[in-house]
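Reading through the C-alpha coordinates given below for one structure.
All figures in this text were calculated on a predicted structure; none of them were measured in a lab. Letters A, B, ... mirror the listed sequences (proteins, then strands); counts begin at 1.
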Amino acid sequence: MSTDINKEDTQTQQESIRQVVEAMGEYPGAADASDPQLFCEARPKVEKPFRGVFEKFLNWARANSLWVLGFGTGCGAIELRPLMTSRFDASRFGVAGRPTPRQSSVFIIGGYASVKTLKRIVRSYEQMQNPKFVIALGSCTINGGMYWDSYNTINRIDQYIPVDVYITGCMPRPEAILAGFVKLQELIKAGRGEKANEYAEHFDWYKANQKKVIKDWDMPDYNW
Amino acid sequence: MNTSYQYSYTNIEELLEILVEKGFIAPATEQQHATVIGRRQVQSSDLAFVTVAPEAARHLILDLRDRFGFTHLVLLTAVDYIEEGKFLLTYLLHNYELHHDIGVQVPIGREAAEAGASMESIHDLWAQAGTYQRELKEMFGIDFPGSPRVDEPFILEGWDEVPPMRREFDTKQYSETTYFPRPGRSTNDPADYMRQKLYPKE
Ligand code: SF4
(Lines give C-alpha, C1' and ligand atoms only; values in the text may rest on other atoms or scores of the structure.)
Protein backbone atom coordinates (compact mmCIF):
# COMPACT_ATOMS: atom_id res chain seq x y z
CA MET A 1 0.00 0.00 0.00
CA SER A 2 1.42 3.34 -0.92
CA THR A 3 1.80 5.79 1.90
CA ASP A 4 1.68 9.11 0.11
CA ILE A 5 -1.67 10.73 0.44
CA ASN A 6 -2.87 12.10 -2.81
CA LYS A 7 -6.19 13.52 -3.79
CA GLU A 8 -7.60 10.22 -4.90
CA ASP A 9 -6.80 8.60 -1.59
CA THR A 10 -8.56 11.38 0.23
CA GLN A 11 -11.55 11.00 -2.02
CA THR A 12 -11.63 7.27 -1.41
CA GLN A 13 -11.45 7.91 2.30
CA GLN A 14 -14.28 10.37 2.16
CA GLU A 15 -16.26 7.90 0.12
CA SER A 16 -15.74 5.16 2.67
CA ILE A 17 -16.68 7.51 5.53
CA ARG A 18 -19.83 8.34 3.61
CA GLN A 19 -20.63 4.66 3.18
CA VAL A 20 -20.16 4.00 6.87
CA VAL A 21 -22.35 6.95 7.71
CA GLU A 22 -25.02 5.75 5.35
CA ALA A 23 -24.83 2.25 6.73
CA MET A 24 -25.38 3.63 10.22
CA GLY A 25 -28.72 4.84 8.94
CA GLU A 26 -29.95 7.21 11.60
CA TYR A 27 -26.70 9.12 12.02
CA PRO A 28 -28.17 11.87 14.12
CA GLY A 29 -26.17 14.98 13.27
CA ALA A 30 -25.79 14.66 9.54
CA ALA A 31 -28.02 16.85 7.42
CA ASP A 32 -27.45 14.58 4.47
CA ALA A 33 -25.07 11.72 4.01
CA SER A 34 -22.89 13.47 1.45
CA ASP A 35 -21.87 15.93 4.15
CA PRO A 36 -20.78 13.67 6.98
CA GLN A 37 -20.54 15.61 10.19
CA LEU A 38 -18.08 14.33 12.70
CA PHE A 39 -20.07 15.64 15.62
CA CYS A 40 -23.41 14.79 17.03
CA GLU A 41 -25.70 17.68 17.72
CA ALA A 42 -28.46 15.58 19.21
CA ARG A 43 -29.15 16.05 22.88
CA PRO A 44 -27.92 13.39 25.27
CA LYS A 45 -30.58 10.94 26.35
CA VAL A 46 -31.36 9.63 29.79
CA GLU A 47 -30.43 5.98 29.87
CA LYS A 48 -32.57 4.18 32.41
CA PRO A 49 -30.63 1.71 34.51
CA PHE A 50 -31.66 -1.92 34.31
CA ARG A 51 -33.37 -3.40 37.29
CA GLY A 52 -32.44 -6.00 39.81
CA VAL A 53 -29.51 -8.34 39.84
CA PHE A 54 -28.33 -7.54 36.36
CA GLU A 55 -27.83 -3.86 37.15
CA LYS A 56 -26.09 -4.86 40.38
CA PHE A 57 -23.74 -7.01 38.40
CA LEU A 58 -23.08 -4.20 35.93
CA ASN A 59 -22.42 -1.76 38.74
CA TRP A 60 -20.01 -4.18 40.36
CA ALA A 61 -18.15 -4.42 37.08
CA ARG A 62 -18.17 -0.66 36.56
CA ALA A 63 -16.93 -0.01 40.06
CA ASN A 64 -13.98 -2.30 39.55
CA SER A 65 -12.80 -0.94 36.26
CA LEU A 66 -12.50 2.79 36.75
CA TRP A 67 -10.53 4.04 33.81
CA VAL A 68 -9.27 7.53 34.27
CA LEU A 69 -8.95 10.03 31.47
CA GLY A 70 -5.38 11.30 31.28
CA PHE A 71 -6.29 14.96 31.25
CA GLY A 72 -4.75 16.95 34.05
CA THR A 73 -6.08 20.41 34.76
CA GLY A 74 -4.66 22.47 37.58
CA CYS A 75 -1.94 21.60 40.06
CA GLY A 76 -3.80 18.63 41.56
CA ALA A 77 -3.08 16.55 38.49
CA ILE A 78 0.47 16.15 39.75
CA GLU A 79 -0.85 13.95 42.55
CA LEU A 80 -2.29 11.50 40.06
CA ARG A 81 1.11 10.28 38.91
CA PRO A 82 2.18 8.74 42.23
CA LEU A 83 -1.13 6.86 42.29
CA MET A 84 0.18 4.54 39.62
CA THR A 85 3.46 3.84 41.38
CA SER A 86 4.04 0.80 43.55
CA ARG A 87 3.70 2.80 46.75
CA PHE A 88 0.04 3.69 46.20
CA ASP A 89 -0.71 1.21 43.46
CA ALA A 90 -4.10 2.36 42.28
CA SER A 91 -4.42 -0.61 39.96
CA ARG A 92 -5.48 -2.76 42.91
CA PHE A 93 -8.74 -0.79 42.79
CA GLY A 94 -9.06 -1.36 39.08
CA VAL A 95 -7.96 2.19 38.36
CA ALA A 96 -6.04 2.65 35.14
CA GLY A 97 -5.20 5.59 32.93
CA ARG A 98 -6.55 5.93 29.43
CA PRO A 99 -5.35 8.26 26.71
CA THR A 100 -8.72 9.08 25.18
CA PRO A 101 -12.15 10.11 26.46
CA ARG A 102 -13.72 7.36 24.40
CA GLN A 103 -12.19 4.68 26.59
CA SER A 104 -12.42 6.34 29.97
CA SER A 105 -15.14 6.25 32.56
CA VAL A 106 -13.73 8.62 35.19
CA PHE A 107 -12.83 12.23 34.59
CA ILE A 108 -10.72 13.76 37.32
CA ILE A 109 -10.83 17.53 37.36
CA GLY A 110 -7.44 18.13 38.88
CA GLY A 111 -7.96 21.60 40.29
CA TYR A 112 -8.58 25.09 38.98
CA ALA A 113 -10.04 25.28 35.52
CA SER A 114 -9.59 28.36 33.42
CA VAL A 115 -12.31 29.22 30.96
CA LYS A 116 -10.11 28.04 28.13
CA THR A 117 -9.65 24.69 29.85
CA LEU A 118 -13.32 24.49 30.75
CA LYS A 119 -14.14 24.42 27.08
CA ARG A 120 -11.89 21.38 26.65
CA ILE A 121 -13.31 19.83 29.81
CA VAL A 122 -16.86 20.09 28.52
CA ARG A 123 -15.82 18.65 25.22
CA SER A 124 -13.94 15.74 26.72
CA TYR A 125 -16.72 15.04 29.19
CA GLU A 126 -19.30 14.87 26.44
CA GLN A 127 -17.10 12.60 24.38
CA MET A 128 -16.88 10.06 27.18
CA GLN A 129 -19.27 7.16 26.89
CA ASN A 130 -21.85 6.35 29.49
CA PRO A 131 -21.58 5.40 32.28
CA LYS A 132 -19.19 8.15 33.26
CA PHE A 133 -18.18 9.65 36.56
CA VAL A 134 -16.49 12.85 37.62
CA ILE A 135 -14.18 13.31 40.57
CA ALA A 136 -13.45 16.93 41.51
CA LEU A 137 -10.10 17.32 43.16
CA GLY A 138 -9.10 20.16 45.46
CA SER A 139 -10.73 23.28 46.79
CA CYS A 140 -10.44 25.05 43.45
CA THR A 141 -13.12 22.83 41.98
CA ILE A 142 -15.38 23.23 44.99
CA ASN A 143 -15.43 26.96 45.65
CA GLY A 144 -12.63 28.42 43.61
CA GLY A 145 -9.93 27.80 46.20
CA MET A 146 -7.20 30.37 46.19
CA TYR A 147 -8.30 31.49 42.73
CA TRP A 148 -11.81 32.35 43.88
CA ASP A 149 -11.54 35.99 42.76
CA SER A 150 -9.65 35.40 39.55
CA TYR A 151 -11.07 36.74 36.32
CA ASN A 152 -10.21 33.61 34.42
CA THR A 153 -10.86 30.59 36.60
CA ILE A 154 -14.31 29.28 37.31
CA ASN A 155 -15.39 28.86 40.91
CA ARG A 156 -17.48 25.72 40.95
CA ILE A 157 -17.06 22.95 38.46
CA ASP A 158 -20.46 21.48 39.38
CA GLN A 159 -22.16 24.35 37.59
CA TYR A 160 -20.81 23.09 34.28
CA ILE A 161 -20.59 19.34 34.56
CA PRO A 162 -22.09 17.06 37.22
CA VAL A 163 -19.73 15.85 39.94
CA ASP A 164 -19.91 12.49 41.72
CA VAL A 165 -17.21 12.82 44.34
CA TYR A 166 -15.39 15.83 45.76
CA ILE A 167 -11.99 15.46 47.35
CA THR A 168 -11.03 18.40 49.52
CA GLY A 169 -7.55 19.69 50.09
CA CYS A 170 -5.09 21.97 48.43
CA MET A 171 -3.83 19.72 47.11
CA PRO A 172 -5.17 16.33 48.25
CA ARG A 173 -2.54 13.70 48.85
CA PRO A 174 -2.67 10.41 46.93
CA GLU A 175 -4.17 8.69 49.99
CA ALA A 176 -7.08 11.11 49.81
CA ILE A 177 -7.52 10.42 46.13
CA LEU A 178 -7.57 6.69 46.83
CA ALA A 179 -10.22 7.32 49.48
CA GLY A 180 -12.13 9.24 46.81
CA PHE A 181 -11.94 6.27 44.46
CA VAL A 182 -13.21 3.96 47.17
CA LYS A 183 -16.07 6.34 47.84
CA LEU A 184 -16.88 6.44 44.16
CA GLN A 185 -16.92 2.64 44.06
CA GLU A 186 -19.36 2.62 46.96
CA LEU A 187 -21.61 5.08 45.18
CA ILE A 188 -21.55 3.11 41.97
CA LYS A 189 -22.25 -0.18 43.72
CA ALA A 190 -25.17 1.46 45.52
CA GLY A 191 -26.53 2.49 42.15
CA ARG A 192 -25.97 6.19 42.76
CA GLY A 193 -23.46 6.85 39.99
CA GLU A 194 -26.10 8.29 37.69
CA LYS A 195 -24.72 11.74 37.16
CA ALA A 196 -24.45 11.29 33.41
CA ASN A 197 -28.24 10.98 33.35
CA GLU A 198 -28.51 14.06 35.51
CA TYR A 199 -26.48 15.89 32.89
CA ALA A 200 -28.88 14.72 30.21
CA GLU A 201 -31.89 15.71 32.30
CA HIS A 202 -30.67 19.21 33.14
CA PHE A 203 -28.92 19.63 29.85
CA ASP A 204 -30.31 23.09 29.17
CA TRP A 205 -29.25 24.40 32.55
CA TYR A 206 -25.71 23.08 32.12
CA LYS A 207 -25.50 24.44 28.58
CA ALA A 208 -26.68 27.87 29.68
CA ASN A 209 -24.04 27.98 32.41
CA GLN A 210 -21.34 26.83 30.04
CA LYS A 211 -22.28 29.37 27.43
CA LYS A 212 -22.35 32.11 30.00
CA VAL A 213 -18.60 31.85 30.55
CA ILE A 214 -17.33 30.32 27.30
CA LYS A 215 -17.88 33.33 25.13
CA ASP A 216 -16.40 32.11 21.88
CA TRP A 217 -18.65 29.10 21.63
CA ASP A 218 -17.57 27.50 18.36
CA MET A 219 -18.54 23.88 18.85
CA PRO A 220 -21.76 21.97 18.44
CA ASP A 221 -24.08 21.89 21.41
CA TYR A 222 -23.32 18.29 22.11
CA ASN A 223 -20.25 16.50 20.85
CA TRP A 224 -19.94 12.88 21.76
CA MET B 1 35.91 42.82 30.16
CA ASN B 2 33.95 42.17 27.03
CA THR B 3 35.93 42.73 23.91
CA SER B 4 33.93 41.50 20.97
CA TYR B 5 31.59 44.49 20.95
CA GLN B 6 32.09 48.06 19.94
CA TYR B 7 31.84 49.45 23.46
CA SER B 8 33.55 47.62 26.24
CA TYR B 9 32.88 48.22 29.88
CA THR B 10 33.52 46.34 33.08
CA ASN B 11 30.90 47.40 35.54
CA ILE B 12 27.37 48.57 35.31
CA GLU B 13 28.08 52.15 36.47
CA GLU B 14 30.56 52.48 33.68
CA LEU B 15 27.97 51.23 31.22
CA LEU B 16 25.55 53.95 32.29
CA GLU B 17 28.30 56.57 31.95
CA ILE B 18 29.02 55.42 28.41
CA LEU B 19 25.31 55.50 27.58
CA VAL B 20 25.05 59.10 28.78
CA GLU B 21 28.29 60.10 27.11
CA LYS B 22 27.26 58.73 23.75
CA GLY B 23 23.87 60.34 24.07
CA PHE B 24 21.87 57.11 24.28
CA ILE B 25 20.18 58.21 27.47
CA ALA B 26 19.59 61.56 29.07
CA PRO B 27 21.67 62.60 32.06
CA ALA B 28 20.22 61.55 35.37
CA THR B 29 17.38 63.56 36.84
CA GLU B 30 16.82 64.29 40.48
CA GLN B 31 13.42 62.66 40.46
CA GLN B 32 13.39 59.08 41.42
CA HIS B 33 10.03 57.88 40.21
CA ALA B 34 10.23 55.03 37.75
CA THR B 35 8.11 56.73 35.11
CA VAL B 36 10.29 59.85 34.93
CA ILE B 37 12.37 59.90 31.78
CA GLY B 38 16.05 60.08 32.61
CA ARG B 39 15.77 58.15 35.81
CA ARG B 40 18.60 55.74 36.42
CA GLN B 41 18.87 53.22 39.14
CA VAL B 42 21.69 50.82 39.86
CA GLN B 43 20.19 48.05 41.92
CA SER B 44 23.23 45.87 42.33
CA SER B 45 26.60 45.30 40.73
CA ASP B 46 24.95 43.47 37.85
CA LEU B 47 21.52 45.06 37.52
CA ALA B 48 20.49 48.56 36.50
CA PHE B 49 17.37 50.28 35.20
CA VAL B 50 17.10 53.28 32.95
CA THR B 51 13.94 55.11 31.93
CA VAL B 52 13.83 56.44 28.40
CA ALA B 53 11.29 58.06 26.12
CA PRO B 54 9.27 55.78 23.79
CA GLU B 55 10.90 57.29 20.69
CA ALA B 56 14.40 56.54 22.00
CA ALA B 57 13.73 53.06 23.32
CA ARG B 58 14.12 50.98 20.19
CA HIS B 59 17.35 52.70 19.26
CA LEU B 60 18.77 52.15 22.72
CA ILE B 61 17.71 48.51 22.83
CA LEU B 62 19.24 47.83 19.42
CA ASP B 63 22.50 49.45 20.49
CA LEU B 64 22.58 47.53 23.73
CA ARG B 65 22.16 44.36 21.75
CA ASP B 66 24.64 45.00 18.98
CA ARG B 67 27.23 47.29 20.55
CA PHE B 68 27.22 46.36 24.23
CA GLY B 69 26.60 42.62 24.10
CA PHE B 70 23.13 42.48 25.68
CA THR B 71 22.11 39.73 23.31
CA HIS B 72 19.32 38.14 25.30
CA LEU B 73 15.82 39.50 25.84
CA VAL B 74 14.90 38.15 29.25
CA LEU B 75 11.41 39.56 29.39
CA LEU B 76 9.12 42.29 28.25
CA THR B 77 6.47 43.31 30.69
CA ALA B 78 4.30 46.23 31.73
CA VAL B 79 3.22 47.88 34.96
CA ASP B 80 0.06 49.94 35.20
CA TYR B 81 0.60 53.31 36.90
CA ILE B 82 -3.03 54.28 36.76
CA GLU B 83 -2.60 57.35 38.98
CA GLU B 84 -0.21 58.85 36.47
CA GLY B 85 -2.12 57.63 33.44
CA LYS B 86 0.85 55.62 32.29
CA PHE B 87 2.02 52.12 31.51
CA LEU B 88 5.66 51.42 32.21
CA LEU B 89 7.08 48.88 29.78
CA THR B 90 10.20 47.08 30.95
CA TYR B 91 12.57 45.41 28.54
CA LEU B 92 15.02 43.32 30.52
CA LEU B 93 18.20 42.47 28.62
CA HIS B 94 21.03 40.15 29.58
CA ASN B 95 24.69 40.21 28.73
CA TYR B 96 26.08 36.69 28.58
CA GLU B 97 29.73 37.67 28.79
CA LEU B 98 29.53 39.71 31.95
CA HIS B 99 26.24 38.37 33.25
CA HIS B 100 24.81 41.82 33.62
CA ASP B 101 21.18 42.76 33.26
CA ILE B 102 19.80 46.08 32.22
CA GLY B 103 16.15 47.04 32.33
CA VAL B 104 15.03 49.59 29.79
CA GLN B 105 11.86 51.19 31.09
CA VAL B 106 9.55 53.07 28.79
CA PRO B 107 6.56 55.06 30.02
CA ILE B 108 3.71 55.21 27.53
CA GLY B 109 0.22 56.67 27.80
CA ARG B 110 -2.61 54.47 28.97
CA GLU B 111 -5.42 55.63 26.76
CA ALA B 112 -5.58 54.94 23.07
CA ALA B 113 -7.56 58.16 22.67
CA GLU B 114 -4.55 60.18 23.80
CA ALA B 115 -2.35 58.41 21.26
CA GLY B 116 -1.14 56.11 24.00
CA ALA B 117 -1.27 52.42 24.75
CA SER B 118 0.83 51.77 21.70
CA MET B 119 4.53 51.08 21.25
CA GLU B 120 6.94 50.29 18.49
CA SER B 121 7.36 46.56 18.00
CA ILE B 122 10.72 44.85 18.52
CA HIS B 123 9.72 41.48 17.09
CA ASP B 124 12.34 41.92 14.40
CA LEU B 125 15.11 42.21 17.02
CA TRP B 126 14.04 39.12 18.95
CA ALA B 127 11.41 36.87 17.46
CA GLN B 128 10.13 35.89 20.89
CA ALA B 129 9.22 39.50 21.59
CA GLY B 130 6.24 38.90 19.34
CA THR B 131 4.79 36.53 21.93
CA TYR B 132 5.31 39.01 24.77
CA GLN B 133 3.68 41.70 22.71
CA ARG B 134 0.72 39.51 21.96
CA GLU B 135 0.31 38.89 25.66
CA LEU B 136 0.60 42.59 26.49
CA LYS B 137 -2.01 43.37 23.88
CA GLU B 138 -4.39 40.93 25.47
CA MET B 139 -3.70 41.65 29.13
CA PHE B 140 -3.19 45.43 29.02
CA GLY B 141 -4.52 46.45 25.65
CA ILE B 142 -1.14 47.84 24.58
CA ASP B 143 -0.90 47.76 20.82
CA PHE B 144 2.27 46.90 18.92
CA PRO B 145 1.47 47.66 15.30
CA GLY B 146 3.06 45.23 12.87
CA SER B 147 3.86 42.58 15.45
CA PRO B 148 2.94 39.11 14.18
CA ARG B 149 -0.49 37.79 15.26
CA VAL B 150 -0.77 40.55 17.83
CA ASP B 151 -4.54 40.70 17.55
CA GLU B 152 -5.17 37.00 18.03
CA PRO B 153 -6.30 35.76 21.42
CA PHE B 154 -3.42 34.48 23.50
CA ILE B 155 -4.87 32.90 26.65
CA LEU B 156 -8.29 34.44 26.97
CA GLU B 157 -10.59 33.14 24.30
CA GLY B 158 -13.42 35.44 23.42
CA TRP B 159 -12.66 38.04 26.09
CA ASP B 160 -14.96 41.02 25.68
CA GLU B 161 -14.21 43.10 28.78
CA VAL B 162 -11.57 45.61 29.77
CA PRO B 163 -8.18 43.88 29.43
CA PRO B 164 -7.91 42.13 32.79
CA MET B 165 -4.51 43.38 33.93
CA ARG B 166 -5.55 47.01 33.70
CA ARG B 167 -6.12 48.27 37.18
CA GLU B 168 -9.55 49.69 36.47
CA PHE B 169 -10.72 46.13 35.89
CA ASP B 170 -12.23 44.74 39.10
CA THR B 171 -11.33 41.07 39.02
CA LYS B 172 -13.21 40.20 42.23
CA GLN B 173 -16.41 41.79 41.06
CA TYR B 174 -16.11 40.15 37.66
CA SER B 175 -15.57 36.76 39.24
CA GLU B 176 -18.52 37.23 41.57
CA THR B 177 -20.92 38.15 38.81
CA THR B 178 -19.68 35.57 36.32
CA TYR B 179 -18.58 32.41 38.06
CA PHE B 180 -21.35 31.37 40.46
CA PRO B 181 -19.54 31.85 43.78
CA ARG B 182 -20.40 29.22 46.35
CA PRO B 183 -22.15 30.86 49.29
CA GLY B 184 -20.79 30.48 52.77
CA ARG B 185 -17.19 31.11 51.97
CA SER B 186 -15.37 32.26 55.10
CA THR B 187 -11.87 33.54 55.44
CA ASN B 188 -9.27 32.71 58.04
CA ASP B 189 -6.94 35.62 57.61
CA PRO B 190 -3.82 34.87 59.68
CA ALA B 191 -3.54 38.51 60.75
CA ASP B 192 -7.08 38.53 62.14
CA TYR B 193 -6.56 35.20 63.77
CA MET B 194 -3.40 36.28 65.55
CA ARG B 195 -4.99 39.54 66.63
CA GLN B 196 -7.83 37.65 68.26
CA LYS B 197 -5.44 35.24 69.89
CA LEU B 198 -3.05 37.85 71.21
CA TYR B 199 -5.46 40.68 72.04
CA PRO B 200 -8.79 38.98 72.68
CA LYS B 201 -10.22 42.00 74.52
CA GLU B 202 -9.79 44.54 71.73
S1 SF4 C 1 -6.90 23.31 45.15
FE2 SF4 C 1 -4.80 24.00 45.50
S3 SF4 C 1 -3.51 22.41 44.61
FE4 SF4 C 1 -5.58 22.17 43.75
S5 SF4 C 1 -5.58 23.33 41.85
FE6 SF4 C 1 -6.34 24.68 43.45
S7 SF4 C 1 -4.51 25.79 44.17
FE8 SF4 C 1 -3.81 23.99 43.02
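For A:Ile214, no part sits under 4.5 Å from any heavy atom of chain B, backbone or side chain. Looking at B:Tyr174, the atoms closer than 4.5 Å to chain A (heavy atoms on both sides) all sit in the side chain, from C-beta outward. Heavy atoms closer than 4.5 Å to chain A are found in the side chain of B:Glu176, but not in its backbone.
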(request) Output, in order, the C-alpha distance, side-chain angles, deciding distance and verdict of salt bridge (charged side-chain N to carboxylate O under 4.0 Å, His left out) for A:Lys211 and A:Asp221. (result) CA-CA 10 Å; A:Lys211 285 188 179 168; A:Asp221 266 0; 2.9 Å; yes

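Judged by distance alone, the side chains of B:Asp101 and B:His94 do bring a donor and an acceptor atom under 3.5 Å apart. A:Tyr199 and A:Glu126 are linked by a side-chain donor-acceptor pair at a separation below 3.5 angstrom, with hydrogens and angles left out of the test. Inspection of the B:Asn95 and B:Tyr9 side chains reveals an N or O donor paired with an N or O acceptor under 3.5 Å. Side-chain contact of B:Gln43 with B:Gln41: a donor-acceptor pair under 3.5 Å is present, judged by distance alone.
Ion pairing between A:Asp204 and A:Arg43 holds under the 4.0 Å rule for side-chain N and carboxylate O.
Between B:Phe169 and B:Trp159, the distance separating the two ring centers is shorter than 6.0 angstrom.
Residues of residues 143-180 of chain A lying under 4.5 angstrom from chain B, judged on non-hydrogen atoms, are A:Asn143, A:Gly145, A:Trp148, A:Asp149, A:Ser150, A:Tyr151, A:Asn152, A:Thr153, A:Ile154, A:Asn155, A:Arg156, A:Asp158, A:Gln159, A:Tyr160, A:Tyr166 in numerical order.
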